Amino acid sequence: MKGARTGTTGSVDLDAGPSENTQRWARFVATCLIGGLVIGISVLGLHFGAPHQPSLRIWRRKKKPVRVYMDGCFDMMHYGHCNALRQARALGDQLVVGVVSDSEIIANKGPPVTPLNERMIMVNAVKWVDEVIPNAPYAITEEFMRKLFDEYKIDYIIHGDDPCVLPDGTDAYALAKKAGRYKQIKRTEGVSSTDIVGRMLLCVRERSISDNQNHSSLQRQFSHGHSQKLDDGGSGTGTRVSHFLPTSRRIVQFSNGKGPGPDARIIYIDGAFDLFHAGHVEILKHARSMGDFLLVGIHTDLTVSANRGAHRPIMNLHERSLSVLACRYVDEVIIGAPWEVSKDMITTFNISLVVHGTVAEINDFQKRDCNPYAVPISMGIFKILDSPLDITTTTIIRRIVSNHEAYQKRNEKKANSERRYYEDKAYILGD
C-alpha cells in the first residue's frame, strides 16, 4: 500500500497516534481554560475597578418608583377619604397628598369645619400616605401641574369619579386629563362631609321654635329627614341611618394584617372615637409611643348613646372602626369593645398597659360607682396621658352649630355646581 512501512523497524506504532491526539486535546483544553480565566479576571477587574461604567450601572439600576398625587380639602376627614387614599396608593408605589388651603376652600366652597393644621394632622396620620403638601391649590393649574411633574416627580394625578367643579362650572382636573397623566378611582358610597353635617345638626335639634324651623330646613337638606329606628338595626338613638354597608373585605383592606410579637408591650386605649379628629390622632400617637403594639377598643353604638346622649354617636360602630383602622399609629381594633376593662380581657389580649387621655367627653369615670378602669387600676397597669390637643367630638359639633348658616350656603353652592356640571355633561353627550 502506498506510504505504508513494512518490516520490524518500519512497522506502524499503534500507540503513537492516539498518544499524540490526546496530548493535542489536552493542550487545547488547557488553552481554553487559561483564556477563560484571563477573560474572567478582566471582567472582574472592570466590575470592581470601574464601578461607574454605564453598562454596569444600567444592570444594577433599580426600578423607578411610580409616584401618584391626590389632593383634597379633607375637611371632617372620614373613612371615605381614607378609602380614596388607599385606592390612590394602590395605583403607584408612593402617594403624595396635597391638602387645600383654608383660603382656597373658602373661595371655592365656603368655610372649612377644621382648619389646615388639623387637616394636616389627619392626612399625615393615614397609613397609605407617604408625603403631604400643605396649601395645595383647589384647581390643578398649569404652573402647579408642572411643579408636581418636575419637582415632586409625580407620574399620575388621581381623583374620584365624582365631579370636582370650580365656581365657573369647569372641571378642576381638566389640565391633568389633557396631559394624559390622570387616573380615576371609585368614590366610596354611603358617606360624605355634607351627610355628616346633617347628622351633627340632628344632635342639637332641642332648640327654640324659630331655631327649630330653620333647623328642620337644614335637616331636610343634609340628612333627608331620616332617623335611625330599632327596626332598622340601629340603636334607637335618633341618629340618621348610615348608608354604609360593612363587609369583611373592606375591614381586611384597612387592617394591618399582623398581630403583636411574642414579647410585645401591648398598649390598650378605648373610646367612642366619633367624628375621628386631630385630637384622636394625637392621643393615639402618644399611646403608641408607650409600647410596641397599640390595641384600640371601639365602644358599641348603644354604649356610646347610654353614656353621651340620645343622639350619639354620629358615626356608627363600623364607620368609626374603619376611621381608627386607617390611622398609622393603630395596630388593631376591638370592634364593639366592652365599657369595662375586665381581668379576662387583659389576659386574653395580653395587655401591658391601659391608658386614657386627659381630654375626653367623659373624664369623671373615677368618681362613678362603676369605674370602667377599676381592674387595671387595681393591677397597677393604668396610666393617664396628657392629651396633646384640646379637641373633642363636641368641639367639632359646636363649630358646625355656631356657623350653620355658612355651612348651609356652602352645601347649597356645592349642590348647584354639581347640578350645572351634570347638566353640561348631559348636553355635550346629547342626552
Side-chain angles (χ1 to χ4, degrees), residues 50-75 77 79-105 107-108 112 114-166 170-188 253-254 256-257 278 281 285 326-329:
H52 300 295
Q53 291 296 321
S55 59
L56 295 174
R57 189 167 66 246
I58 292 171
W59 180 72
R60 292 201 307 268
R61 184 181 298 157
K62 292 182 179 179
K63 182 183 176 183
K64 176 182 175 291
V66 176
R67 287 169 62 83
V68 296
Y69 172 82
M70 187 174 199
D71 61 12
C73 301
F74 302 104
D75 195 18
M77 195 164 183
Y79 67 91
H81 292 130
C82 298
N83 192 44
L85 295 172
R86 180 190 67 81
Q87 292 183 78
R89 180 63 168 74
L91 295 176
D93 302 306
Q94 297 171 357
L95 173 60
V96 180
V97 180
V99 181
V100 177
S101 67
D102 291 344
S103 59
E104 286 275 277
I105 296 176
N108 288 278
T114 49
L116 178 64
N117 66 305
E118 292 180 23
R119 292 184 286 117
M120 287 290 293
I121 290 172
M122 297 300 295
V123 175
N124 268 304
V126 177
K127 59 188 175 186
W128 298 289
V129 175
D130 297 291
E131 188 177 342
V132 181
I133 303 173
N135 293 306
Y138 188 81
I140 302 291
T141 63
E142 185 74 40
E143 180 184 2
F144 186 70
M145 188 168 66
R146 290 264 63 90
K147 184 176 182 179
L148 289 177
F149 295 158
D150 299 336
E151 183 178 332
Y152 290 97
K153 307 302 179 185
I154 298 300
D155 295 291
Y156 297 102
I157 294 171
I158 316 294
H159 188 65
D161 55 9
D162 54 319
C164 184
V165 186
L166 298 175
T170 59
D171 184 357
Y173 295 90
L175 288 175
K177 293 175 181 177
K178 185 178 179 181
R181 305 280 285 273
Y182 177 84
K183 287 190 176 183
Q184 191 166 278
I185 58 170
K186 183 174 176 56
R187 180 184 179 277
T188 303
Q253 288 171 338
F254 274 54
N256 288 345
V281 168
K285 182 179 180 180
C327 181
R328 67 172 71 250
Y329 309 115

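As the structure is a prediction and not an experimental result, all values here were calculated from the model.
- Looking only at distances, no side-chain donor or acceptor of Arg86 sits under 3.5 Å from a matching main-chain atom of Trp128.
- Side-chain contact between Gln94 and Glu131 is absent, with no heavy-atom pair separated by less than 4.5 Å.
- Proximity of Met70 to Ile185: side-chain heavy atoms (C-beta onward) are separated by under 4.5 Å at one or more points.
- Side chains of Phe149 and Tyr69 form no contact here, defined as non-hydrogen atoms less than 4.5 Å apart.
- Pro137 and Asp71 get closest at one heavy-atom pair: O-OD2, 4.1 Å.
- To the nearest 0.5 angstrom, Gln253 atom CD is 13.0 Å from Cys82 atom SG.
- For Glu104 (side chain) and Tyr138 (main-chain N/O), a donor-acceptor pair under 3.5 Å exists by modelled atom type.
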Where do Asn117 and Met120 land on the side-chain contact (heavy atoms from CB on, under 4.5 Å) test, with the steps shown first? CA-CA 5 Å; Asn117 66 305; Met120 287 290 293; 5.7 Å; no
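- The two residues Tyr156 and Gly180 have their closest heavy-atom pair at CE2-O, 4.5 Å.
- Between Asp155 and Lys64 a salt bridge is recorded (basic side-chain N to carboxylate O distance below 4.0 Å).
- Within a 6.0 Å sphere centred on CD of Glu143, other residues, nucleotides and ligands contribute 12 heavy atoms or fewer.
- Here the closest non-hydrogen pair linking Pro112 and Asp75 is CA-OD2, 3.3 Å.
- Inter-residue side-chain proximity for Thr114 and Met77 is flagged as unmet; no heavy-atom pair is nearer than 4.5 Å.
- Residues Lys183 and Val68 have side chains not in contact (no heavy-atom distance under 4.5 Å, counting atoms from C-beta outward).
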side-chain contact (heavy atoms from CB on, under 4.5 Å) between Arg181 and Leu148: does it pass, once the steps are laid out? CA-CA 11 Å; Arg181 305 280 285 273; Leu148 289 177; over 6 Å; no
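- To the nearest 0.5 Å, the span separating CG on Leu175 from CZ on Phe144 amounts to 12.5 Å.
- To the nearest 0.5 Å, atoms CG (Asn124) and NZ (Lys285) are separated by 8.5 Å.
- Side-chain contact between Met122 and Val99 is absent, with no heavy-atom pair separated by less than 4.5 Å.
- Judged by distance alone, with hydrogens and angles left aside, the side-chain atoms of Asp102 form a donor-acceptor pair with the main-chain N or O of Leu116 at under 3.5 Å.
- Applying the 6.0 Å contact sphere to NZ of Lys127 captures more than 12 heavy atoms from other residues, nucleotides or ligands.
- Asp161 and Lys186 get closest at one heavy-atom pair: OD2-CA, 3.7 Å.
- Across every non-hydrogen atom of Met145 and Ile140, the tightest pair is CB-CG2, 3.8 Å.
- In this structure, Arg67 and Tyr152 approach most closely via the heavy-atom pair NE-O, 2.7 Å.
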Using the side-chain contact (heavy atoms from CB on, under 4.5 Å) rule, take Gln87 and Ile158 through it: C-alpha gap first, then chi angles, then the decisive distance, then the call. CA-CA 9 Å; Gln87 292 183 78; Ile158 316 294; over 6 Å; no
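- With contacts defined as side-chain heavy-atom distances shorter than 4.5 Å, the pair Asn108/Val100 does not qualify.
- With salt bridges taken as basic N to acidic carboxylate O contacts below 4.0 Å, one links Asp130 and Arg89.
- Classified by interplanar angle (parallel below 30°, tilted 30° to 60°, perpendicular above 60°), the ring pair Tyr173/His159 is parallel.
- Between Val126 and Phe74, the closest side-chain pair of non-hydrogen atoms is not below 4.5 Å.
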